[in-house]
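Chain letters run A, B, ... following the sequence lines, proteins first, then strands; residues in each count from 1.
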There are 4 protein chains.
Amino acid sequence: METKTISRRERQKIAQRMEMLAAALELFSEKGYHNVSMHEIAAKAEFAIGTLYKFFSNKEDLYKALILEQSDRFHVALSKALESPGDEIEKLRQYVQAKGEVFRENAATIRLYFAETRGASLNIMAGVDQDIRNRREGFLKRIAAIFESGIRAGRFHQIAEPYILAVALDSLCSAFLFLWLENPENHSYPEDPDAILNILFKGLVQT
Amino acid sequence: METKTISRRERQKIAQRMEMLAAALELFSEKGYHNVSMHEIAAKAEFAIGTLYKFFSNKEDLYKALILEQSDRFHVALSKALESPGDEIEKLRQYVQAKGEVFRENAATIRLYFAETRGASLNIMAGVDQDIRNRREGFLKRIAAIFESGIRAGRFHQIAEPYILAVALDSLCSAFLFLWLENPENHSYPEDPDAILNILFKGLVQT
Amino acid sequence: METKTISRRERQKIAQRMEMLAAALELFSEKGYHNVSMHEIAAKAEFAIGTLYKFFSNKEDLYKALILEQSDRFHVALSKALESPGDEIEKLRQYVQAKGEVFRENAATIRLYFAETRGASLNIMAGVDQDIRNRREGFLKRIAAIFESGIRAGRFHQIAEPYILAVALDSLCSAFLFLWLENPENHSYPEDPDAILNILFKGLVQT
Amino acid sequence: METKTISRRERQKIAQRMEMLAAALELFSEKGYHNVSMHEIAAKAEFAIGTLYKFFSNKEDLYKALILEQSDRFHVALSKALESPGDEIEKLRQYVQAKGEVFRENAATIRLYFAETRGASLNIMAGVDQDIRNRREGFLKRIAAIFESGIRAGRFHQIAEPYILAVALDSLCSAFLFLWLENPENHSYPEDPDAILNILFKGLVQT
DNA sequence: TATGAATGAGCTTTCATTCAT
DNA sequence: AATGAATGAAAGCTCATTCAT
């Protein structure tokens with residue numbers, strides 16, 4: 001019974017925390033980190049400012065938690081894609097598809113992350129940013145391994161080092177996703193992952 | 001003598017302006033727009049705060065001037081590359097090379113631009129940002145035209161629409177340049193433009 | 001108990017607001033609107049600057065509140081006087097007396113209002129000023145109506161239009177009150193309203 | 001020849017000074033003392049800011065000079081009126097008329113003076129203000145003397161002390177002049193001085 | 001002598017954070 | 001435990017004044 005009471009309280013706490021993060025995400029992604037005040041977030045989440053500070057010791061902490069929480073969801077989705085059964089091509093297709101879905105479902109977070117973090121790795125956000133970079137590095141290495149395996153299996157020409165190919169694939173995804181972010185109607189990618197893969201897969205220059 | 005006096009003054013003004021912009025660039029790219037105060041910039045440039053405001057009517061104005069000034073230099077360099085003589089492949093090579101050089105020479109500005117602008121088009125920087133986006137759009141269309149011409153000339157397979165190819169090429173450049181930005185020793189790109197072109201040019205998948 | 005707590009808080013809020021307004025009034029009337037800083041007011045009222053801004057959203061707002069609050073008190077007192085029972089002469093006597101009392105009790109505010117507002121209707125204070133002017137206009141019309149009624153009743157000679165008489169009476173009051181404001185000992189008016197009325201009432205020129 | 005050179009220079013200086021004061025008057029009366037910068041005045045007068053400071057050691061000094069200069073002109077005009085030939089009634093009529101003219105011709109100055117000075121006698125303008133007050137006091141005494149003489153001559157009833165009558169007359173003039181200042185079309189006074197004198201002269205209450 | 005570039009004290013205002021209730 | 005009133009450091013910006021030219 002003790003544990004149940006505690007767990008109910010904890011469940012409530014988690015729910016409150018989520019509401020706060022949701023409010024913060026909405027505001028941050030709409031107006032940018034520096035143009036949102038802690039009072040605004042508290043008001044939107046319908047908590048007192050003091051309560052907000054009970055959960056997050058300062059604004060930066062709240063921001064980091066937000067980014068990390070979202071990053072976790074991405075991590076899970078992308079990891080699952082890379083572990084999908086099938087040959088190298090299938091794995092990459094799954095990855096490209098998963099990235100598209102994750103992106104589409106979390107446009108707000110991504111907008112926020114790119115608005116506030118890119119290049120700002122040297123300042124406030126250093127901590128989060130490093131974490132995110134490390135994760136990206138991890139994915140790049142796993143994708144590189146897939147390319148390497150594909151090359152060894154004779155499935156891919158070795159047109160570049162595997163890590164380079166991984167960066168190329170990932171950045172092509174991001175580029176087209178940003179295109180879609182700016183103008184959701186005009187672009188095919190997130191719906192059709194092969195559109196991207198083809199660019200990398202088909203030889204462009206006549207032979 | 002009159003003209004000389006005036007020109008000396010004007011030269012001094014330009015020099016002062018440059019010092020201010022340099023100080024601002026250094027601080028902005030190190031700490032981010034919102035974490036740098038006008039006093040800080042003035043102090044770093046060794047001018048009084050009032051003098052800074054004589055040159056730039058407010059903080060946003062200073063930021064815009066900084067970005068636009070750099071953007072002009074990029075524009076000139078990249079335009080020249082796209083107008084170079086030679087076939088489509090040569091033009092693209094020149095572009096990739098020019099982008100690499102410009103990037104390497106202006107790492108700080110680029111860091112700043114990506115730190116503050118991406119997605120922040122909703123806030124303060126809307127004006128500059130639109131300008132920069134328009135320029136990028138212009139380049140993408142010119143690159144797309146080169147791809148189209150190359151396809152018509154039978155030099156390229158039509159593996160995707162020209163505009164898509166343009167986005168792909170440009171974002172591959174950016175991706176590898178950011179890689180280099182983070183870790184200048186380990187990457188070949190800015191020195192060897194063909195490393196990038198090959199990814200797009202050579203067929204990856206076995207045929 | 002709930003209500004009592006709330007009412008205690010509200011009472012405290014009102015008390016704080018009054019302290020702030022009192023501090024502001026003292027400083028403004030001593031040094032003039034533009035020569036008093038918000039920090040000064042906060043310090044004099046013994047609040048933090050942020051607390052001051054919780055109550056008044058900016059300096060102008062504080063000033064307007066100050067003037068309007070006082071203006072209300074004048075309005076009430078003078079209106080009551082004009083509605084007093086008795087004939088026209090009695091009503092006017094009541095008005096002159098009430099104006100004297102109100103003036104004497106609020107010398108600081110009046111000093112402030114005349115220091116900052118007169119003719120400055122072109123600047124910041126346009127809003128309040130118009131309000132005050134409208135109120136004055138209202139009183140002048142009510143006084144004019146009394147004169148008119150007195151003339152119709154044969155109690156007054158029609159030596160000028162009623163509105164002109166109203167202006168004359170009101171400005172005589174003000175003139176003597178300013179005299180008293182500058183040198184409180186030497187003048188009889190606020191204590192003896194008939195001193196003023198007589199000037200208007202008794203024929204000056206021999207007939 | 002020496003003297004002539006000097007006098008030419010001095011004439012020029014006086015002319016420059018007048019241009020500066022004229023520019024300052026226009027700006028001050030339009031926007032109020034605190035809303036006009038020294039740069040604005042210098043620009044309007046078409047002098048360098050440094051030159052302005054050669055003539056007036058600071059902003060307050062410029063303001064005082066402006067008010068005093070205008071005050072001199074009033075002084076001369078009003079003094080002349082009080083010294084006009086004729087009996088007491090004629091002298092007063094001349095005064096009322098002169099005040100009206102002076103007022104009409106110098107509306108800008110008067111607006112300025114009343115906007116910035118009234119009641120602010122305790123702050124910046126203390127010096128000027130005292131000077132102006134002293135002059136007003138002087139006029140009031142001279143007018144009082146006229147009333148006294150008129151009373152002794154049996155021309156006036158002694159309905160109040162002469163000084164009080166002087167204040168009454170002067171403030172009636174001012175009141176109606178302000179009425180005209182706010183709404184130049186609707187009022188007769190500055191054109192018809194008897195309109196005011198009558199209020200004081202004719203008995204109002206039936207006898 | 002006239003200039004106007006340069007100065008920096010000081011203003012209004014915001015907002016992350018604390019802590020008594 | 002939750003609240004939100006109170007805090008005050010620090011920001012952007014203005015403008016009276018100075019002084020080297």
- So B/F28 and B/Y33, would you call those rings parallel, tilted or perpendicular, with 30° and 60° as cut-offs? tilted
Measure [atom1]/[X] against [atom2]/[N] and give the value in whole Å, please.
X: D/Y53; N: E/dA6; atom1: OH; atom2: P; answer: 18 Å
X: D/M38; N: F/dC15; atom1: CE; atom2: P; answer: 13 Å
X: A/R9; N: F/dA2; atom1: CZ; atom2: C1'; answer: 13 Å
X: B/K13; N: F/dT21; atom1: NZ; atom2: P; answer: 18 Å
X: D/K54; N: F/dC19; atom1: NZ; atom2: C1'; answer: 9 Å
X: C/R17; N: F/dA6; atom1: CZ; atom2: P; answer: 14 Å
X: C/F56; N: E/dT13; atom1: CZ; atom2: C1'; answer: 16 Å
X: C/I41; N: E/dT13; atom1: CD1; atom2: C1'; answer: 13 Å

Could you give the side-chain donor-acceptor pairs of residues 42-58 of chain C under 3.5 Å, partners two or more places apart or in another chain?
| from | atom 1 | to | atom 2 | distance (Å) |
| --- | --- | --- | --- | --- |
| C/K44 | NZ | C/E26 | OE2 | 3.3 |
| C/N58 | OD1 | C/E60 | N | 3.3 |
| C/N58 | OD1 | C/D61 | N | 2.8 |

- Message: Does a side-chain N or O of A/K59 approach OP1 or OP2 of E/dA16 to a distance below 4.0 Å, or not?
- Response: yes
- Item | Contacts of A/E69 that satisfy salt bridge (charged side-chain N to carboxylate O under 4.0 Å, His left out) - sequence neighbours left out | A/R17
- Task: Please identify each residue that fulfils salt bridge (charged side-chain N to carboxylate O under 4.0 Å, His left out) with A/E40, with sequence neighbours left out.
- Result: A/K31
- For C/Q16, report the nucleic acid contact type (base, sugar-phosphate, nothing); a contact means any heavy atom under 4.0 Å. sugar-phosphate
- Task: Please list every stem that involves DNA chain F, where a stem is a run of 3 or more consecutive Watson-Crick or G-U wobble pairs with both pairing distances under 3.5 Å.
- Result: E:2-21 with F:2-21
- Would you give the length of the straight line joining atom CG of C/L66 to atom NZ of C/K64, rounded to the nearest 0.5 angstrom? 13.0 Å
- Message: Could you measure the distance from the CG atom of C/L25 to the CG atom of C/N106? Nearest 0.5 Å is fine.
- Response: 8.5 Å
- Which residues share a side-chain hydrogen bond (donor to acceptor under 3.5 Å, both in side chains) with D/Q70, sequence neighbours left out: D/R73, D/T109
Atom pairs, N/O to N/O, protein against nucleotides 8-10 of chain E, distance under 3.5 Å?
| from | atom 1 | to | atom 2 | distance (Å) |
| --- | --- | --- | --- | --- |
| E/dG8 | N7 | B/G50 | N | 3.4 |

- Message: Is any side-chain heavy atom of A/E30 closer than 4.5 Å to one of A/N35?
- Response: no
- Are A/R8 and A/Q12 close enough that some pair of their side-chain heavy atoms sits under 4.5 Å apart? no
- Item | C/S57 vs C/E40, nearer the 5' end of DNA chain E by closest nucleotide | C/E40
- Among the candidates E/dT18, F/dA6, E/dA2, find the nucleotide nearest to the side-chain atoms of C/F55. F/dA6
